[in-house]
Amino acid sequence: MATIIDGKKLSKKVLAELKEETDKLKQRGITPCLAVILVGNDPASKIYVKNKTIACQEIGIDMQEYFLPEDACECELLDLIESLNNNENVDGILLQSPIPPHLNIAKAFSKINPAKDVDGFNPINAGMLAMSYPIFIPCTPLGVIRMFQENNIQVEGKNCVVIGRSNIVGKPMAQILINKGATVTVCNSKTKDLKTHLLNADIVISAVGKPNLVQRDMIKQGAVVIDIGITRLENGSICGDVDFDNVQQVASYITPVPGGVGPMTIAMLMNNIILACKNRR
Ligand code: NAP
């Protein structure tokens with residue numbers, strides 16, 4: 001039976017450590033500050049922003065929220081980013097995704113000052129990670145790595161399969177694993193035989209958003225299984241990509257949804273804001 005990696009518990013530990021950092025900064029008269037941009041009325045985004053607000057309050061980070069309407073034009077968004085880039089009080093800028101489809105999210109991310117890019121989505125930060133000189137690492141993959149460290153899960157020399165190739169989760173996750181000396185396979189919706197790839201994996205990381213995609217008969221005995229996927233079901237509950245009850249019988253470690261990678265993502269955002277603040281000031 002797998003050991004369950006409790007992301008909620010670990011995130012509390014990380015947040016307590018980070019609060020010590022903000023307390024020290026405050027003794028020097030410095031309060032880290034995050035600016036969050038929300039475009040439109042996506043209900044899930046509002047929940048994510050609320051959770052970030054709670055974490056910021058808990059550890060003493062100022063958070064400013066900027067709302068743009070659903071029909072905001074590109075220049076409004078880019079002008080807002082520019083003004084936050086130039087605002088000396090703002091350490092980190094976060095553009096909450098998704099944004100309405102008429103706006104070019106890649107262009108918006110590339111406009112964020114790399115030194116304030118606490119999500120790590122600016123092409124400069126993505127490139128630095130790809131070249132093994134990371135500055136800001138995207139929060140979700142960073143949270144997964146912290147889970148590995150806390151549980152002494154070694155990555156070097158392991159066969160890892162990342163399911164999903166998005167710029168914000170799958171690709172940076174794979175980059176980190178490559179940098180750490182793993183042999184990495186990245187699967188996507190066109191992958192011919194997912195099961196064959198998974199059965200060869202010592203570590204499986206799923207970032208798709210499809211319930212029960214990862215089944216027990218796809219997992220090698222003793223593999224580590226990390227579930228990043230989040231799907232909101234009709235009854236309002238959320239679930240991951242992994243058939244948790246059955247996969248936990250063959251895995252050595254497994255993360256639940258909820259209470260796994262999600263809370264770690266927020267903790268790592270707080271980590272990146274403090275890093276940005278220290279670097280800048
Ligand atoms: P995304 O942009 O939609 O990417 C999903 C990826 O899954 C794509 O690369 C897609 O392949 C691949 N895929 C789809 N169906 C597949 C299949 N049957 N077999 C293999 N691969 C398949 O989503 P994302 O932003 O990366 O997020 C992924 C999931 O993680 C979502 O559920 C999201 O809600 C969740 N998430 C969780 C956290 C957290 O903190 N826990 C943070 C961020 C995201 P193609 O590229 O070929 O289409």
Side-chain angles (χ1 to χ4, degrees), residues 14 17-18 21 25 30 32-37 52 61 77-78 80-88 90-99 104-150 153-158 160-186 188 203 205 207 226 228 261 264-281:
V14 173
E17 289 166 8
L18 293 173
E21 302 262 337
L25 286 165
I30 298 168
C33 175
L34 171 70
V36 175
I37 304 172
K52 287 164 189 170
I61 290 176
L77 176 59
L78 298 183
L80 174 57
I81 293 172
E82 185 61 23
S83 76
L84 295 171
N85 283 343
N86 295 327
N87 184 334
E88 277 306 310
V90 169
D91 295 297
I93 302 170
L94 184 151
L95 172 60
Q96 183 65 50
S97 66
I99 60 174
N104 182 337
I105 197 154
K107 197 169 175 184
F109 284 146
S110 66
K111 182 85 176 172
I112 295 174
N113 178 349
K116 296 187 177 188
D117 173 36
V118 288
D119 256 341
F121 297 158
N122 178 287
I124 301 270
N125 283 316
M128 293 305 278
L129 176 61
M131 292 171 69
S132 312
Y133 300 111
I135 303 167
F136 291 108
I137 299 176
C139 305
T140 301
L142 189 57
V144 172
I145 294 302
R146 183 69 194 261
M147 285 174 144
F148 288 165
Q149 286 165 347
E150 290 286 327
I153 296 168
Q154 303 303 318
V155 168
E156 191 179 272
K158 297 286 171 63
C160 299
V161 172
V162 178
I163 320 174
R165 56 169 166 171
S166 71
N167 289 333
I168 63 174
V169 188
K171 274 185 206 153
M173 188 74 249
Q175 292 288 0
I176 300 173
L177 296 170
I178 291 168
N179 293 348
K180 289 189 173 294
T183 303
V184 182
T185 303
V186 182
N188 58 63
I203 298 175
I205 301 177
I226 305 293
I228 294 179
V261 177
M264 289 305 292
T265 297
I266 295 190
M268 291 302 116
L269 172 65
M270 301 300 119
N271 176 80
N272 283 356
I273 298 163
I274 293 169
L275 177 65
C277 177
K278 284 182 174 169
N279 287 349
R280 289 184 61 248
R281 310 204 212 185

Applying side chain to side chain donor-acceptor pair (under 3.5 Å) to Q175 and not counting sequence neighbours gives none
With sequence neighbours left out, the residues meeting side chain to side chain donor-acceptor pair (under 3.5 Å) with N85 are none
key: Side chain proximity check, F121 to N167, heavy atoms < 4.5 angstrom   = no
Practice prompt. Indicate yes or no: at least one non-hydrogen side-chain atom of I226 is less than 4.5 angstrom from one of F148.
Written response: yes
side-chain contact (heavy atoms from CB on, under 4.5 Å) partners for [X], two or more places apart:
X	value
P141	P138, P172, M173, I176
S83	L80
M128	I124, Y133, I135
T140	V169, I228, V261, T265

For [X], what residues pass the salt bridge (charged side-chain N to carboxylate O under 4.0 Å, His left out) criterion, not counting sequence neighbours?
X	result
E17	R146
D117	none
R280	E88, D91
K111	E82

Item to complete: Give a yes or no answer on whether the side chain of N122 reaches the backbone of I112 with a donor-acceptor pair at less than 3.5 Å.
Response: yes
Polar side-chain atom of K116 near backbone of L84 as donor-acceptor pair, under 3.5 Å: yes
Contacts satisfying salt bridge (Lys or Arg N to Asp or Glu O under 4.0 Å) that involve residues 123-138 (not counting sequence neighbours) are none
So salt bridge (Lys or Arg N to Asp or Glu O under 4.0 Å) across residues 131-144, not counting sequence neighbours, yields none
Test side chain to side chain contact (heavy atoms under 4.5 Å, CB included) on C160 and I205; report intermediate values, then the result.
CA-CA 8 Å; C160 299; I205 301 177; 5.9 Å; no
